[in-house]
There are 2 protein chains.
Amino acid sequence: MKSELEVFREYVRQRGLRWTQERKLILQKIFEIHEHFDVDSLHWLLKQNGVKVSKASIYRALPLFIDCGLVREVDFSDGHWHYEHIYGHKHHNHMKCLGCGEVREFEEPILAQVDQRLTQEYGYSVVFHQLEVRGYCPACQKAGEETRAR
Amino acid sequence: MKSELEVFREYVRQRGLRWTQERKLILQKIFEIHEHFDVDSLHWLLKQNGVKVSKASIYRALPLFIDCGLVREVDFSDGHWHYEHIYGHKHHNHMKCLGCGEVREFEEPILAQVDQRLTQEYGYSVVFHQLEVRGYCPACQKAGEETRAR
DNA sequence: TTTATTATAGCAATTTAATCTCAATAAATA
DNA sequence: TATTTATTGAGATTAAATTGCTATAATAAA
Ligand SMILES: [Mn+2]
Ligand SMILES: [Mn+2]
Ligand SMILES: [Zn+2]
Ligand SMILES: [Zn+2]
């Protein structure tokens with residue numbers, strides 16, 4: 001399998017864009033992070049590692065990474081975008097606890113059927129889907145019960 | 001079934017909040033709109049109808065409507081929130097065309113199974129889910145083929 | 001009905017994520 | 001090496017959303 005850097009390099013060439021140090025450093029860092037991140041935390045992390053890259057460059061690079069399928073946006077409904085690298089990873093969905101904010105990932109093979117049905121029934125060509133689930137994790141349910149019992 | 005106004009009135013009483021003209025007018029308008037809306041369009045619509053309500057009041061009222069289950073946020077990934085009234089309506093999901101932006105609603109009974117599985121397998125108590133699908137509608141697929149053929 | 005209490009409205013100021021402008025720079029290529 | 005031009009970084013700008021403050025109106029108490 002091609003590395004993420006190779007994938008991006010090809011993408012960049014095909015479009016007449018440029019393979020820059022900044023883009024390389026940002027992309028490398030993104031694939032070192034094995035959690036969800038936002039622009040701020042990514043920028044801070046790069047800084048920690050002595051890598052000087054402006055937020056503007058991060059904001060400009062992310063759409064490119066997304067466009068070539070290396071990264072995706074994740075919606076945690078908290079007012080700004082989060083991201084994760086997806087290249088080389090299985091598709092998954094998120095469950096976020098409304099109590100503590102913990103995010104749990106899960107696979108859901110059934111959703112492939114949904115995409116299929118949309119294609120057959122409506123003639124849609126599905127590019128991607130995202131299922132976001134909200135609820136309460138076991139710990140927060142327990143905490144809630146105890147509070148109510150008082 | 002209780003009307004949306006009654007539902008909200010009870011909610012407001014239980015919490016020691018107040019039943020105001022502004023909130024009533026906003027809520028009424030929301031249930032007259034049978035499409036997705038955002039704060040701007042709602043505000044503009046109210047204005048058109050000679051109803052003077054500030055945007056700040058709309059911004060402050062929406063979380064209340066959401067909290068009592070009358071309204072929900074909808075994510076169209078375009079930089080700001082959209083909303084729709086849901087009280088008295090079946091749960092549905094959205095497919096948004098990446099070409100023309102058209103939003104199509106669809107029901108998907110299979111997703112109830114997903115919620116169930118999350119409860120059984122992870123002990124999660126699911127409050128809600130939202131499946132957002134992106135792809136190309138039949139019209140935009142056709143347009144794309146023609147462009148490529150040239 | 002009148003008075004007292006306090007949540008809410010409106011307005012402007014503020015916050016903040018994201019985008020944009022522009023001069024300097026560095027990547028591609030001839 | 002010289003030329004072309006996409007990209008960078010810094011700060012300015014935009015726009016959605018939130019907040020502070022005072023007047024007001026909704027509710028409860030008298
Ligand atoms: Mn994830
Ligand atoms: Mn809808
Ligand atoms: Zn939790
Ligand atoms: Zn379309």
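Remember, predicted model here, so these are calculated numbers, not experimental data. By convention in this document, chain letters (A, B, ...) are assigned in the order of the sequence lines, proteins followed by strands, and residues within each chain are numbered from 1.
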Base, sugar-phosphate, or nothing for B/K52, non-hydrogen atoms under 4.0 angstrom?
sugar-phosphate
Rounded to whole Å, the CZ-P distance (B/R9 to D/dT27) equals 7 Å
For A/Y59 and C/dA18, is the shortest distance between a side-chain N/O and OP1 or OP2 below 4.0 Å? yes
Taken to the nearest whole Å, CG/A/D75 to P/C/dA18 is 12 Å
Taking OP1 and OP2 of D/dT8, is either one under 4.0 Å from a side-chain nitrogen or oxygen of A/T20? yes
Comparing B/L17 with A/E22, nearest DNA chain D nucleotide closer to 5' gives the residue A/E22
Of the listed D/dA17, D/dA6, C/dT8, the closest approach to the B/H80 side chain comes from D/dA17
Assert: residue with more 5' nearest nucleotide on DNA chain D, out of B/D40 and B/V12, is B/D40
With the side chain defined as heavy atoms from C-beta on, A/A56 is closest, among D/dA16, C/dA9, D/dG11, to D/dG11
Whole-Å distance, A/R15 CZ to C/dA28 C1', equals 18 Å
Cut-off 3.5 Å, side chains only: do B/H43 and B/Q48 have a donor facing an acceptor?
no
**Prompt:** Is it true that B/K52 and B/E22 make a salt bridge, defined as a side-chain N closer than 4.0 Å to a carboxylate O?
**Reply:** no
In whole angstroms, the gap separating P of D/dA16 from CH2 of B/W44 amounts to 16 Å
Separation of D/dA26 atom P from B/F8 atom CZ, nearest Å, is 14 Å
Here the distance between atom C1' of C/dA27 and atom CZ of A/R13, to the nearest Å, is 12 Å
B/K24 NZ to D/dA25 P, in whole Å, measures 15 Å
The nucleotide from C/dG10, D/dG9, C/dA9 with an atom nearest the side chain of B/V53 is C/dG10
Closest to the side chain of B/R60, out of C/dG10, C/dA18, C/dC22, is C/dG10
Closest heavy-atom pair, B/K96 versus B/F76, reported as atoms and distance to 0.1 Å, is NZ-O, 3.1 Å
Item to complete: Would you tell me if any nitrogen or oxygen in the side chain of B/S54 comes within less than 4.0 Å of OP1 or OP2 on C/dC11?
Response: no
Among D/dA17, C/dA28, C/dA27, the one nearest any side-chain atom of B/W81 is D/dA17
Notebook entry, point to check: Is there a donor on the side chain of A/R18 or the base of D/dT5 sitting less than 3.5 Å from an acceptor on the other?
Noted result: yes
For the pair A/E132 and A/R134, find out whether any cationic side-chain nitrogen is under 4.0 Å from an anionic carboxylate oxygen. yes
Rounded to whole Å, the CD-C1' distance (A/Q21 to D/dT8) equals 13 Å
Closer than 4.0 angstrom, basic N to acidic O: yes or no for A/K29 and A/E32? yes
